[in-house]
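These notes concern the structure reproduced below.
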Amino acid sequence: MSVKECTHHKNKSKKLFRKLFAGFLILAFLVLLTFLITWAILQPRKPRFTLQDATIYSFNVSAPILLSSNFQVTISSHNPNDRIGVYYDKLDVFASYKNQQITYFTAIQPVYQGHKDNNVWSPFVYGTNVPVAPYNGASLTQDQSNGQISLIIKINGRVRWRVGRFISGRYHIHVSCPAYIPFGNKLNSAIPGIVVGTGIKYQLSTRCSVNV
């Protein structure tokens, strides 16, 4: 009698497990289907960033491991989505050279970007006596002497997505914009510069890579 009861309980446990497993599979399928339908309807795409220009006011390497620089960059952002808005909660701009940060962080004010909207920012990127690796200091001096420095203007921050009244959690965003900055005679440069006050402005129009 006891053996029959044990077998009966085992069968009930197996049936319960199968029902739970089947329910889990159905739930997972519905969640995946909802996600795919939502993705197909919204067709979410990352914002597009462009480095439009850079105005150089100062760029001096001394010691040779200290860099003092001051320049202004114009960066535009386009939201290509029809139904998704973007909250830029935090954006920090800085310049790097050969994978080393060479300026301070410059914060951009938080902003909401609606469907198909564009935003343009013109932050100053600068640093005073910023320590750089000795080999980078020598390389910067040589590049400046040769008439062109290849920098990367970077933007790191956090964004949220808005669909109707739904607002997502925060996501990290990383933007990298190649900037080939000419130096020396502005008329003989591959990219002619325009004198703006005490600086020289170079039109760049460089597409940036964006990772979210």
Side-chain angles (χ1 to χ4, degrees), residues 35-57 59 69-97 101-127 148-182 186 189-212:
F35 174 79
L36 292 176
I37 292 174
T38 303
W39 182 276
I41 294 173
L42 297 178
Q43 296 182 346
R45 289 173 287 174
K46 296 182 291 187
R48 298 171 186 166
F49 284 76
T50 302
L51 177 62
Q52 296 183 349
D53 58 60
T55 304
I56 311 301
Y57 293 97
F59 200 96
S69 60
N70 182 19
F71 50 98
Q72 186 177 22
V73 294
T74 301
I75 301 169
S76 64
S77 172
H78 172 66
N79 178 8
N81 296 289
D82 292 316
R83 301 178 180 87
I84 303 175
V86 185
Y87 284 100
Y88 294 103
D89 290 337
K90 178 180 174 61
L91 293 176
D92 290 319
V93 186
F94 63 97
S96 70
Y97 177 79
Q101 182 176 339
I102 59 172
T103 67
Y104 307 141
F105 289 113
T106 298
I108 293 177
Q109 290 294 321
V111 66
Y112 172 73
Q113 188 175 62
H115 315 151
K116 297 291 185 178
D117 276 357
N118 297 287
N119 287 86
V120 179
W121 302 288
S122 296
F124 280 89
V125 183
Y126 62 94
Q148 179 173 286
I149 292 180
S150 298
L151 303 178
I152 302 293
I153 305 299
K154 293 190 175 184
I155 305 175
N156 290 341
R158 293 191 294 271
V159 297
R160 289 176 295 161
W161 312 104
R162 177 174 178 173
V163 181
R165 295 185 178 181
F166 171 77
I167 300 176
S168 74
R170 289 183 172 87
Y171 291 82
H172 289 281
I173 185 170
H174 303 280
V175 182
S176 296
C177 308
Y180 302 99
I181 310 297
K186 64 180 184 298
S189 299
I191 306 175
I194 302 171
V195 176
V196 179
T198 59
I200 299 178
K201 183 177 183 178
Y202 297 98
Q203 297 292 336
L204 302 175
S205 298
T206 304
R207 284 290 298 270
C208 309
S209 65
V210 180
N211 292 309
V212 180

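The analysis underlying the following values was restricted to heavy atoms, covering all of them including side chains, and did not include hydrogens, waters or symmetry mates. Keep in mind that this is a model prediction, so the values were computed, not measured.
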Gap between atom CG of Leu91 and atom OG of Ser77 - 0.5 Å precision: 8.5 Å
Crowding at NE2, His115 (>12 non-hydrogen neighbours, <6.0 Å): yes
Within-4.5 Å side-chain heavy-atom neighbours: Leu151 and Ile102: yes
Side chain to side chain contact (heavy atoms under 4.5 Å, CB included) evaluation trace for Arg207 with Arg48: CA-CA 8 Å; Arg207 284 290 298 270; Arg48 298 171 186 166; 4.1 Å; yes
Between Gln113 and Asn79, a side-chain donor and acceptor under 3.5 Å: no
Under the side chain to side chain contact (heavy atoms under 4.5 Å, CB included) test, residues paired with Pro110 that sit two or more places apart: none
Residues which pass side chain to side chain donor-acceptor pair (under 3.5 Å) with Asn70, listed by chain and number, not counting sequence neighbours: none
Arg45 side chain to Pro80 backbone, donor-acceptor under 3.5 Å: yes
Partners passing salt bridge (Lys or Arg N to Asp or Glu O under 4.0 Å) against Lys46 (at least two apart in sequence or in another chain): none
Tyr112 OH: over 12 foreign heavy atoms closer than 6.0 Å: yes
Exercise: identify the closest heavy-atom pair between Lys154 and Ser96: CE-OG, 3.5 Å
Results of side chain to side chain contact (heavy atoms under 4.5 Å, CB included) for Thr74 - residues two or more places apart only: Gln52, Asp53, Val120, Ser122
Side-chain donor/acceptor of Thr206 to backbone N/O of Cys177, under 3.5 Å: no
Working for side chain to side chain contact (heavy atoms under 4.5 Å, CB included), residues Asn118 and Ser76: CA-CA 7 Å; Asn118 297 287; Ser76 64; over 6 Å; no
Closest contact, heavy atoms only, Leu204 versus Ala54: CD1-CB, 3.9 Å
Tyr97: partners by ring pair (Phe, Tyr, Trp, His ring centres under 6.0 Å), with sequence neighbours left out: none
From OG1 (Thr50) to NE2 (His78), nearest 0.5 Å: 9.5 Å
Cys208 SG to Ile152 CD1 distance, which is reported to the nearest 0.5 Å: 9.5 Å
Pair Phe49-Ile153, side chain to side chain contact (heavy atoms under 4.5 Å, CB included): steps then yes or no: CA-CA 11 Å; Phe49 284 76; Ile153 305 299; over 6 Å; no
Interatomic spacing from OG in Ser150 to CD1 in Ile181 - rounded to 0.5 Å: 9.0 Å
Heavy-atom closest contact (Val163 atom, Ile84 atom, distance): CG2-CG1, 4.0 Å
Aromatic ring pairing Tyr171/Trp161, orientation class (parallel under 30°, perpendicular over 60°, tilted between): tilted
Interatomic distance, Thr106 atom OG1 to Ile155 atom CD1 [nearest 0.5 angstrom]: 11.0 Å
Spatial distance of atom CD1 (Ile149) from atom OH (Tyr180) [nearest 0.5 Å]: 13.5 Å
Under the side chain to side chain contact (heavy atoms under 4.5 Å, CB included) test, residues paired with Tyr104 that sit two or more places apart: Tyr126, Thr128, Val130
Plane angle bin for Tyr88 and Trp121 - parallel if under 30°, tilted between 30 and 60°, otherwise perpendicular: perpendicular
Whether Phe59 and Phe71 hold their rings parallel, tilted or perpendicular, with breakpoints at 30° and 60°: tilted
